[in-house]
2 protein chains.
Amino acid sequence: MARDGAQTRRSEIVRLATTTGLASVDELSDHLGVTASTIRRDLAKLTAQGKLARTYGGAMPLTHPTEASLRQRLGEAFTAKQAIARWAVSVIESGETILLDAGSTTTALAQVLKDAGDLTELTVVTAGLSTMGALAETDGIDVIALGGRLRTMSQAFVGPLAESAIARLSFDRAFMGADSVHPERGICEADLEQTLLKELMMSRAAHTYVVAHGAKLGKSPFHAWAVMPPRWTLVTDESADPVAVHAFRDSGVEVIIARHSAD
Amino acid sequence: MARDGAQTRRSEIVRLATTTGLASVDELSDHLGVTASTIRRDLAKLTAQGKLARTYGGAMPLTHPTEASLRQRLGEAFTAKQAIARWAVSVIESGETILLDAGSTTTALAQVLKDAGDLTELTVVTAGLSTMGALAETDGIDVIALGGRLRTMSQAFVGPLAESAIARLSFDRAFMGADSVHPERGICEADLEQTLLKELMMSRAAHTYVVAHGAKLGKSPFHAWAVMPPRWTLVTDESADPVAVHAFRDSGVEVIIARHSAD
DNA sequence: CAGGTAGTGCGCGATTCGTGCAATGGTGCG
DNA sequence: CGCACCATTGCACGAATCGCGCACTACCTG
């Protein structure tokens with residue numbers, strides 16, 4: 001606390017808050033030998049800088065900023081994704097090995113899966129950071145990460161390491177995310193590297209499910225496509241355009257329309 | 001909001017808080033058509049259930065509970081780990097490919113690395129979930145995850161997938177964590193599976209650094225050991241017992257003692 | 001129909017928050 | 001060396017928030 005204690009004290013506050021998980025104004029003012037007023041001022045500054053979050057009697061560490069964008073995407077069409085996730089989890093049976101692709105819909109699936117306690121001895125292979133995080137430390141589920149270079153945007157694993165990992169695995173079911181889905185072209189992504197990997201994933205699965213809510217059907221926002229296996233199932237929700245759904249069924253694709261639950 | 005809106009409303013509160021990141025009491029009471037009192041009561045219940053965290057004027061999503069234990073471990077001997085991390089980062093040069101083992105000390109290293117802006121074109125291979133999370137979305141750093149089964153306790157990748165991934169890589173420097181270090185026996189871990197993997201990591205690195213603060217020196221809490229390469233460097237801090245340090249130097253191990261910084 | 005349970009709105013005292021104001025200490029310039 | 005200047009801190013006061021008790025309603029149950 002020698003020369004300019006202000007900056008040092010703020011670092012110390014951040015440290016205490018992030019390590020203990022919660023630091024009260026009283027504790028801080030006592031521990032650092034300054035008035036509660038000063039602590040409040042510090043907390044205001046640190047909150048403005050985005051270094052921690054303010055609570056009623058003190059401060060707590062901030063939720064990881066990278067999760068924010070994901071939460072937001074998960075929030076869009078939430079009920080649709082929730083419905084799709086519930087249907088998907090309902091077809092999974094104990095003892096199976098399943099693949100979870102990266103994406104917000106598959107993350108919703110992971111969250112539902114975590115809370116569905118009736119499944120045991122499940123092995124879940126995750127291709128994304130967020131799905132892995134959602135399932136970490138879930139009893140009865142072995143989580144296996146694909147590995148590879150971490151694609152900044154989608155928090156997904158890509159690259160040769162991911163490809164070679166897939167070559168050593170196979171799955172009872174693969175749940176694929178998509179930027180958009182087309183009846184004949186299949187899964188559309190922004191990145192070619194991504195689509196190649198998705199093809200490999202699907203080729204190793206006994207059955208492939210593409211989870212995509214209504215708004216993703218029939219669009220072609222990008223120009224990288226993943227070739228689909230001969231048989232696959234599209235899981236969408238009741239917001240899907242019946243015409244679009246019909247187009248998929250005409251192409252021989254099994255289509256499941258998940259109902260939004262009553263609650 | 002038909003029959004028993006209470007439960008539904010609370011789910012909705014959780015949803016809004018987790019998706020928007022922050023929900024104020026006023027917004028919630030307005031959006032849900034109930035008094036601020038009721039919202040407060042709900043927030044109290046939900047906080048007690050551990051479903052979200054209370055802030056001054058509202059609520060926010062909870063920091064992931066798995067991070068809590070890590071934060072705590074990082075908090076123990078914080079200054080020591082910080083000093084070690086700073087020294088370690090100072091030897092890294094632009095363009096290198098480095099390996100970061102799992103563990104709290106290596107996570108501290110990752111955090112320092114993230115804030116050290118003067119390095120470019122770095123490739124960091126991470127063997128743990130926390131180190132990966134700390135480096136995600138850092139400019140100038142390619143993050144590569146090892147992959148494999150996620151060990152619940154240490155949040156580390158283990159198993160055949162991790163081993164085969166390592167076989168395809170090599171590193172300029174490997175920074176290894178350890179439960180404890182011994183001058184002749186090397187790295188001690190709770191798990192044999194873990195030690196085998198660590199040996200493989202070190203065998204692929206041009207140079208191996210073991211980052212371990214003073215308290216970890218010379219102990220033998222478990223009975224699984226990783227055989228060390230012929231040359232390796234122990235990076236510890238000034239809290240290390242000089243006698244223990246001497247033992248390492250006698251065994252031909254290079255020992256770096258990181259000074260705790262002045263601030 | 002009586003009784004119990006859960007939920008809600010309202011109002012009050014207690015706590016906490018934010019800010020203006022004066023005092024202190026360190027810094028730079030003439 | 002003197003002096004103006006700036007940042008920081010402590011203190012006090014008005015404002016906002018919080019927690020809780022109380023009364024009322026709705027619903028289920030015996």
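In what follows, chains are A, B, ... by sequence order, proteins preceding strands, each numbered from 1.
- Per the geometry, CG belonging to A:Asp26 stands 10 Å off C1' belonging to C:dT16, to the nearest Å.
- Sorted by first and then second residue, the pairs that involve residues 71-80 of chain B and meet salt bridge (Lys or Arg N to Asp or Glu O under 4.0 Å), not counting sequence neighbours, are B:Glu67-B:Arg71.
- Counting to the nearest Å, the C1' atom of D:dA16 and the CD1 atom of B:Ile39 are 18 Å from each other.
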Nucleotide N/O of nucleotides 18-21 of chain C paired with protein N/O under 3.5 Å:
| residue | atom | partner | partner atom | Å |
| --- | --- | --- | --- | --- |
| C:dG18 | OP2 | A:Arg54 | NH1 | 3.1 |

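- Salt bridge status for A:Lys216 with A:Asp179: absent, with no side-chain N to carboxylate O gap under 4.0 Å.
- Residue B:Thr38 places no side-chain N or O under 4.0 Å from the OP1 or OP2 atom of C:dT8.
- With hydrogens and angles left out, the side-chain atoms of A:Asp237 and A:Ser239 include a donor and acceptor closer than 3.5 Å.
- Atom CG in A:Leu43 sits about 13 Å away from atom P in D:dT9, given to the nearest Å.
- Distance CG (B:Leu46) to C1' (D:dG19): 16 Å, rounded to an integer number of Å.
- In this structure, CZ of A:Arg9 is placed 12 Å from C1' of D:dG10, rounded to the nearest angstrom.
- Of the two residues contacting DNA chain D, namely A:Thr35 and B:Thr55, the nearest-nucleotide position lying further toward the 5' end is that of A:Thr35.
- Cation-pi geometry between A:Arg15 and B:Phe78 is met: under 6.0 angstrom from the ring centre, within 45 degrees of the axis.
- Under a 3.5 Å cut-off, the side chain of A:Ser180 and the backbone N or O of A:Lys219 do form a donor-acceptor pair.
- Counting to the nearest Å, the C1' atom of D:dT9 and the CZ atom of A:Arg10 are 11 Å from each other.
- Nucleotide C:dG9 holds its P atom 13 Å from the CG atom of B:Asp30, rounded to whole Å.
- The separation between B:Gln7 atom CD and C:dT5 atom P is 19 Å, rounded to whole Å.
- Under a 3.5 Å cut-off, the side chain of A:Thr38 and the backbone N or O of A:Val34 do not form any donor-acceptor pair.
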